[in-house]
Structures are given as structure tokens and as C-alpha cells.
Amino acid sequence: MATPPDLDLVHPFAAPPGPGQTIEIAPGLLWARLPLPFRLDHVNIYLIEDGEGWAILDTGLDDLPSRSAWAKLMDGPLAGRPPTRLIVTHCHPDHVGLANWLAQRHGLTLEMSEAEYLTALVVHLEPEALETEPYRQFYVDHGLDGETTDAVMGRGHDYLRMVAGLPKTFRRIIAGERVTLGSRSFEVLTGGGHAPEQIMLYAAADKLFVSADQVLARISPNVSVFPRDPDGDPLGIFLRSLRAVKAQVPDDVLVLPGHDLPFFGLHRRIDAMIQHHEERCGAIVEACRAEPRSAAELVPFVFTRKLDAHQTGFAFSEVLAHVNYLLRRGRLRHARTRDDVHRVEPA
Ligand SMILES: [Zn+2]
């Protein structure tokens with residue numbers, strides 16, 4: 001979801017690479033883009049020189065345009081130098097979608113954090129799980145309408161349509177360890193909230209920070225409650241992670257995000273994202289002053305533009321993340337209401 005433009009982020013590259021092209025961000029570090037069939041119409045991938053060839057960071061989702069974009073890259077800027085490693089930052093389809101396909105074609109081992117791999121694996125093992133009770137009741141309890149409930153409950157199958165399977169084994173990447181790619185040494189950070197254990201890579205000597213979707217320049221990554229952990233606090237986890245990144249990674253790095261343009265201004269951007277969520281929390285508490293409201297009833301107070309059922313599903317899950325965050329911190333409480341719908345009021 002869009003947040004107000006930041007005052008003074010600096011974008012050293014004004015335009016992204018075109019289809020099948022790369023931009024050299026730093027010696028031996030290439031930036032490419034793959035198309036996405038969504039409102040957010042692209043994902044960034046990075047290629048890092050590693051001995052004979054290139055380490056791949058993220059893969060795009062599985063569709064024909066992405067597969068042919070990869071073919072163009074392999075025949076073009078990457079020609080003659082084989083992929084050496086395959087690192088995926090998190091389990092969302094635009095990042096892991098073609099991992100299995102690339103792993104099989106090039107004999108690579110998928111490298112991910114454990115929670116990201118297992119989260120992707122669960123969907124593969126039981127794609128219809130989210131369509132069963134008690135998950136449907138979760139949406140009903142929070143006041144979501146039938147059409148939106150059907151849209152969110154089909155997400156498991158949507159996911160599999162965008163992901164070309166998953167290798168049966170993986171290599172686990174762990175926070176605190178180092179990943180060496182060619183002459184570069186990266187410290188591994190992980191962060192939750194947007195995804196369970198998202199990988200970020202920090203190269204202190206080169207002042208480079210691969211932020212994945214944890215810190216983006218223009219949009220605030222989706223932070224959602226899912227019915228498997230209905231009282232979960234992904235927003236609290238996300239905000240803690242942003243503060244941890246700010247404490248660990250200095251402000252003068254070039255940030256290489258999963259979407260939009262690379263930028264300088266990491267700390268300002270983190271501050272703006274924290275403030276954005278605080279403003280949303282304020283709007284939610286305010287909206288509950290007139291009367292108790294459910295997460296579904298709060299959506300139009302937070303998202304003012306018109307949303308289709310699919311977008312409403314994401315908006316609902318994001319609003320619920322703010323509600324759960326406020327409940328945990330005692331700023332909202334459960335209200336007694338006229339029906340069985342869960343509503344909240346200021347505490
Ligand atoms: Zn993501």
C-alpha cells in the first residue's frame with residue numbers, strides 16, 4: 001500500500017533496467033527486473049558475481065513472461081557464466097515462484113531461512129487447508145462478507161498457480177551467519193511481520209544492504225494476520241524488526257529492495273514506515289470511538305479507495321494486524337456487541 005513520498009530519499013539510478021537487461025549497481029552486482037501481473041508490476045532480482053558465475057537472489061513468480069525474461073537474461077547479460085547459488089529472501093510467490101524451476105535447470109540448491117521454506121512447504125502439502133473450518137469461521141467472526149471470505153480462502157490455490165513447486169531439500173540460511181559470494185561477505189539478518197523469517201543481506205565493506213521486502217522506498221509491505229494464528233501480532237514483530245535493522249545497519253548503505261528503486265536514506269525510510277503504521281493505529285482507535293467496530297468494518301477507515309474482493313481480503317488482514325497490535329498493547333479492548341461479530345473499542 002502506498003505511503004506518502006519520502007522527503008529526501010536519494011535514488012542513484014533514476015530508471016530501472018528494461019526487460020532482459022541489467023544495471024551494474026556496484027562492480028559484480030547486477031540488478032534486473034521481472035514482470036508481475038499485479039498493480040505492483042515488477043519484482044527486483046539481484047545477481048552477485050560468485051567465482052565462475054552469478055549467485056541469484058530471488059526468482060520472480062512462475063508464469064510465461066517471467067520464464068522468458070529469465071531466458072533473455074541467461075542468453076544476454078549472464079551468457080557464458082553459470083548460476084552458482086540460488087538464495088530466496090522469502091516465501092511469497094514473486095520471490096520463490098521460479099526457484100524450483102531454476103534449481104532443476106541449473107543443478108542448484110535452494111537457500112532459504114527455515115521458516116520461509118517451511119511456510120512455502122505447508123501450502124504445497126495442504127493447499128486446501130485454509131478453505132476448511134475453523135478458518136472460515138475466523139473471517140465470519142471478524143465480520144467479513146461472503147464474497148471476500150471466498151476470495152481470501154482460495155489463496156492457497158492462488159499461491160500454487162504462481163509457484164513452480166518446491167525442491168524437496170533446501171540449505172538453511174541463519175541470522176547472524178555470513179554468506180560469502182565472490183569477494184563479498186554479507187552478514188545475514190532476518191526479519192518478520194511481512195513474512196515469517198525474511199532474509200536480508202548486509203555487506204559492510206561495500207555499504208550495501210539487500211533489504212528484500214522488509215524496507216521498500218515507496219510502499220509499505222503488507223503485514224497480515226492469518227487465521228492459523230488468529231491472535232498473532234505480525235505488526236509488533238514487523239516494527240521490532242525495523243528497529244533492529246536500524247540499530248544494526250548504518251544509514252549510509254545503498255538499499256537494494258525487492259521492489260521499486262534502490263535508495264539511500266535507510267534510517268529515514270524506517271522512521272517513516274514506523275510513523276505510517278502509528279498513524280493507521282491512531283485512525284483505527286479514533287474510528288472506534290463512535291461505536292465498537294470489527295476489523296472488516298474498519299477497512300474503509302484505513303483504505304479509502306475502492307477495493308475489489310481480492311484487495312479487500314488483504315486490507316482486512318492488514319487492518320486486523322493493527323487491531324491485534326493495539327489489543328496487545330492495551331489501547332483497544334474487546335467490546336460486547338449485539339451479535340457474534342468480534343468488535344473492539346478504545347480501552
Ligand atoms: Zn513479499
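Order of listing sets the numbers, starting from 1, for every ligand and every atom in it. Values reported hereafter were calculated over all heavy atoms of this structure, with side chains retained and with hydrogens, waters and symmetry mates removed. Throughout, numbering of the chain's residues begins at 1 and tracks the sequence.
Counting only residues at least two apart or on different chains, the salt bridge (charged side-chain N to carboxylate O under 4.0 Å, His left out) pairs with a member in residues 83-105 are Arg85-Glu111. Residue pairs that meet the ring-ring contact (aromatic ring centres under 6.0 Å, His included) test with at least one member in residues 149-178, sequence neighbours left out, are Tyr117-Phe170. The stretch residues 178-211 participates, sequence neighbours left out, in these ring-ring contact (aromatic ring centres under 6.0 Å, His included) pairs: His90-His194, His92-His194.
The two atoms that bring Gly313 and Thr148 nearest to each other are N-CG2, 3.5 Å, heavy atoms only.
Ion pairing of Glu291 with Arg343 is absent here, as no side-chain N (NZ or NE/NH1/NH2) approaches a carboxylate O to less than 4.0 Å.
Panel note: side chain Arg218, backbone Asp260; no donor-acceptor pair is recorded below 3.5 Å.
For the Zn ion (ligand 1), protein N/O/S neighbours under 2.8 Å (waters excluded) are His90 NE2, His92 ND1, His194 NE2, Asp213 OD2.
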